[in-house]
Amino acid sequence: MIKEYRTISEVAGPLMLVKDVENVAYDELGVIELPNGEMRSCRVLEINGSNALVQLFESAAGINLAESKVKFLGRGMEFAVAEDMLGRVFDGLGRPIDKGPEIIPEKRLDINGLPMNPSARDYPNEFIQTGVSAIDGLNTLVRGQKLPIFSGSGLPHANLAAQIARQSRVLGTESKFAVVFAAIGITYEEADFFISDFRRTGAIDRTVLFMNLADDPAIERISTPRVALTAAEYLAFDKDMHVLVILTDITNYAEALREVSAARKEVPGRRGYPGYLYTDLATIYERAGRKRDHEGSITMIPILTMPEDDKTHPIPDLTGYITEGQIILSRDLYRKNIKPPIDVLPSLSRLKDKGIGRGKTREDHSDVLNQLFAAYARGKEAKELMAILGEAALSDADKFFAKFADEFEKRYVSQGYETNRTIEETLEIGWDLLTLLPKAELKRIRDEYLEKYYPKKE
């Protein structure tokens, strides 16, 4: 029998204290009934003896301490899953908001998931084609990887996220591919952009969208990525799909965590974020991966905006420790109208070597990748030297590399948000760019590949 309590003693922001409770557990869901009959949801955040500190999913406005009632439901927060989720739009708590019918669930899953046994993990080694040259060619995404995008305020990470969601696919496999897209703390304008873009291109048919808006409560913001990952785990490990999870914006998630932590009067860590920020982010990121004896997998692209473009800020800093690399967007390239403005030199995919080469992309991929990186780095140095000393101070070789750097940004990195390049097209553009350099400078490519792939001039 579910007990009702009329012992609410205090409400402070998103938190409420209920006294004299019995057999109530951490993370248990509750329902608050207001005097006018309105019902609001909450969950238990902390138990101290017979006192329960609960977190409100909705506003605290109108809660009368003497007349409001609370009852606890004896279970944690769950999400009803079924394959019918594909093509649907939900809010941050998993309720449909697209005016479609309610989902008839196959099962209900706890949104916190079950930790994946490390010994049951399979190593990520299959190439995922995003259609974006700067990622596919130089910072390759591998199935089961966690590869975040570090952006800045005002940079077009939303366009890049939508492009990756539309275009991504696993090559050489018959397994089904799905996208779980979770937008955390975004504006109405951004939400409309994502929904209309997916509908316009037909990508929504293989996508599950979760939309948490900026005016939704902080607690919903904290639940959104967990609900989305619960949907992804069901599609991957119950339905054997390759699932790409895109979470944007992790910074909004961390801000909500800080808000709740401050309301709980916890001792703050770096820049006011809770000391457990690293652990909390890890509980999200580590739900990606592959399991032995399972066809499906979860590949994750978290997107975060770095406050003041600062890579040492706690959110990008801790994210970099947990994930396998990062794609960094550059404000300088954005000003040059490079679309997408991916800065390939500080970007890194730690698993790229595992997903490229013969049988995966093409045998020459690794050599072309290394040569393009080296040539672009030298070209950037030459351009910096030219800005200080003038073009006359450059050697003939440096002038070639400076020209290469400009052409590389224009033709390889910049492709717009509608162009979907195959890995073969990306490699051919790379080879074409290398013809701008003297053949003697191509020291990172094996002779056999130069002979086979170097473009023959008419």
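Computed from a prediction, not measured in an experiment: that's the story for all the values here.
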Peer 1: So do Q55 and V260 actually touch side chain to side chain, heavy atoms under 4.5 Å?
Peer 2: yes
Peer 1: Do we get K439 above Y454's six-membered ring, with its NZ or CZ under 6.0 Å from the centre and within 45° of the axis?
Peer 2: yes
Peer 1: Are F210 and F181 near enough that their ring centres are under 6.0 Å apart?
Peer 2: no
Peer 1: With a 4.0 Å cut-off, would you call E266 and R264 a salt bridge?
Peer 2: yes
Peer 1: Taking only residues at least two apart or on different chains, which pairs with a member in residues 125-160 satisfy ring pair (Phe, Tyr, Trp, His ring centres under 6.0 Å)?
Peer 2: none
Peer 1: Should N112 and D27 be marked as a side-chain hydrogen bond (donor to acceptor under 3.5 Å, both in side chains) after you check the CA-CA gap, both sets of side-chain angles, and the distance that decides it?
Peer 2: CA-CA 10 Å; N112 295 305; D27 214 31; 2.8 Å; yes
Peer 1: What are the two closest non-hydrogen atoms of I250 and P302, and how far apart are they?
Peer 2: CG1-CB, 3.8 Å
Peer 1: Tell me, yes or no, whether the heavy-atom count around R444 atom CZ, taken from other residues, nucleotides or ligands under 6.0 Å, exceeds 12.
Peer 2: no
Peer 1: Determine whether L86 and D205 make a side-chain contact, defined as any pair of heavy atoms from C-beta on separated by less than 4.5 Å.
Peer 2: no
Peer 1: What pairs of residues pass the ring pair (Phe, Tyr, Trp, His ring centres under 6.0 Å) test when at least one of them lies in residues 305-349, not counting sequence neighbours?
Peer 2: Y273-H313
Peer 1: Can you confirm whether I328 sits close enough to L345 that some side-chain heavy atom of one is under 4.5 Å from a side-chain heavy atom of the other?
Peer 2: no
Peer 1: By the ring pair (Phe, Tyr, Trp, His ring centres under 6.0 Å) test, which pairs, at least two apart or in different chains, include something from residues 364-403?
Peer 2: Y376-F408
Peer 1: Is there a side-chain contact between L229 and M300, using heavy atoms and a 4.5 Å cut-off?
Peer 2: yes
Peer 1: Between the side chain of R221 and the main-chain N/O of L213, is any donor-acceptor distance below 3.5 Å?
Peer 2: yes
Peer 1: Salt bridge or not between D240 and K176? Use side-chain N to carboxylate O under 4.0 Å.
Peer 2: no
Peer 1: Compare every heavy atom of I219 with every heavy atom of L56, then report the nearest pair and how far apart it is.
Peer 2: O-CG2, 2.6 Å
Peer 1: Salt-bridged, E78 to R108, with N to O below 4.0 Å?
Peer 2: no
Peer 1: Give a yes or no on whether a salt bridge exists between D332 and R335, defined as a side-chain N under 4.0 angstrom from a carboxylate O.
Peer 2: yes
Peer 1: Step through the shown structure and confirm whether more than 12 heavy atoms of other residues, nucleotides or ligands are within 6.0 Å of CD on E308.
Peer 2: no
Peer 1: For residues A178 and L235, report the shortest heavy-atom separation together with the two atoms involved.
Peer 2: CB-CD1, 4.3 Å
Peer 1: So that I can tick it off, tell me whether R75 and D110 are bridged by a salt bridge, with the cut-off set at under 4.0 angstrom between side-chain N and carboxylate O.
Peer 2: no
Peer 1: Charged N to carboxylate O under 4.0 angstrom, E418 versus K339?
Peer 2: no
Peer 1: Below 6.0 angstrom between ring centroids: does that apply to Y188 and F193?
Peer 2: no
Peer 1: With a 4.0 Å cut-off on N to O distance, would you call R258 and E255 a salt bridge?
Peer 2: yes
Peer 1: Has T283 got a side-chain atom pairing as donor or acceptor with D280's backbone, closer than 3.5 angstrom?
Peer 2: yes
Peer 1: Is it true that R350 and E324 have a side-chain N and a carboxylate O under 4.0 angstrom from each other?
Peer 2: no
Peer 1: Taking the six-membered ring of Y234 as reference, does the cationic atom of K107 (NZ for Lys, CZ for Arg) lie under 6.0 Å from its centre and within 45° of its axis?
Peer 2: no
Peer 1: Between R411 and D432, does at least one N-O distance fall below 4.0 Å, as a salt bridge requires?
Peer 2: yes
Peer 1: Taking side chain as C-beta onward, heavy atoms only, is P101 less than 4.5 Å from R88?
Peer 2: yes
Peer 1: Heavy atoms, side chains only, cut-off 4.5 Å: are P316 and L304 in contact?
Peer 2: yes
Peer 1: Verify the neighbour count for atom CZ of R292: are there more than 12 heavy atoms of other residues, nucleotides or ligands below 6.0 Å?
Peer 2: yes
Peer 1: Determine, for E286 against K146, whether the closest basic-nitrogen to carboxylate-oxygen distance falls under 4.0 angstrom.
Peer 2: yes
Peer 1: Between the side chain of T140 and the main-chain N/O of K352, is any donor-acceptor distance below 3.5 Å?
Peer 2: no
Peer 1: Is the count of non-hydrogen atoms from other residues, nucleotides or ligands lying under 6.0 Å from L389 atom CG greater than 12?
Peer 2: yes
Peer 1: Check for a donor-acceptor pair, side chain of N139 on one end and backbone N or O of I135 on the other, with a separation under 3.5 Å.
Peer 2: no
Peer 1: Applying side-chain hydrogen bond (donor to acceptor under 3.5 Å, both in side chains), run through Q129 and S168 and close with a yes or a no.
Peer 2: CA-CA 6 Å; Q129 181 175 286; S168 293; over 6 Å; no
Peer 1: Would you say I356 and T361 make side-chain contact, with heavy atoms under 4.5 Å?
Peer 2: yes
Peer 1: For atom NZ of K399, is the number of surrounding heavy atoms from other residues, nucleotides or ligands below 6.0 Å larger than 12?
Peer 2: yes
Peer 1: If you measure from the Lys or Arg side-chain nitrogens to the Asp or Glu carboxylate oxygens, is any gap between K360 and E126 under 4.0 Å?
Peer 2: no
Peer 1: Is the shortest side-chain N to carboxylate O distance from K452 to E363 below 4.0 Å?
Peer 2: yes
Peer 1: Test F90 against every option in M211, R95, M85 by the side chain to side chain contact (heavy atoms under 4.5 Å, CB included) rule and name the one that passes.
Peer 2: M85
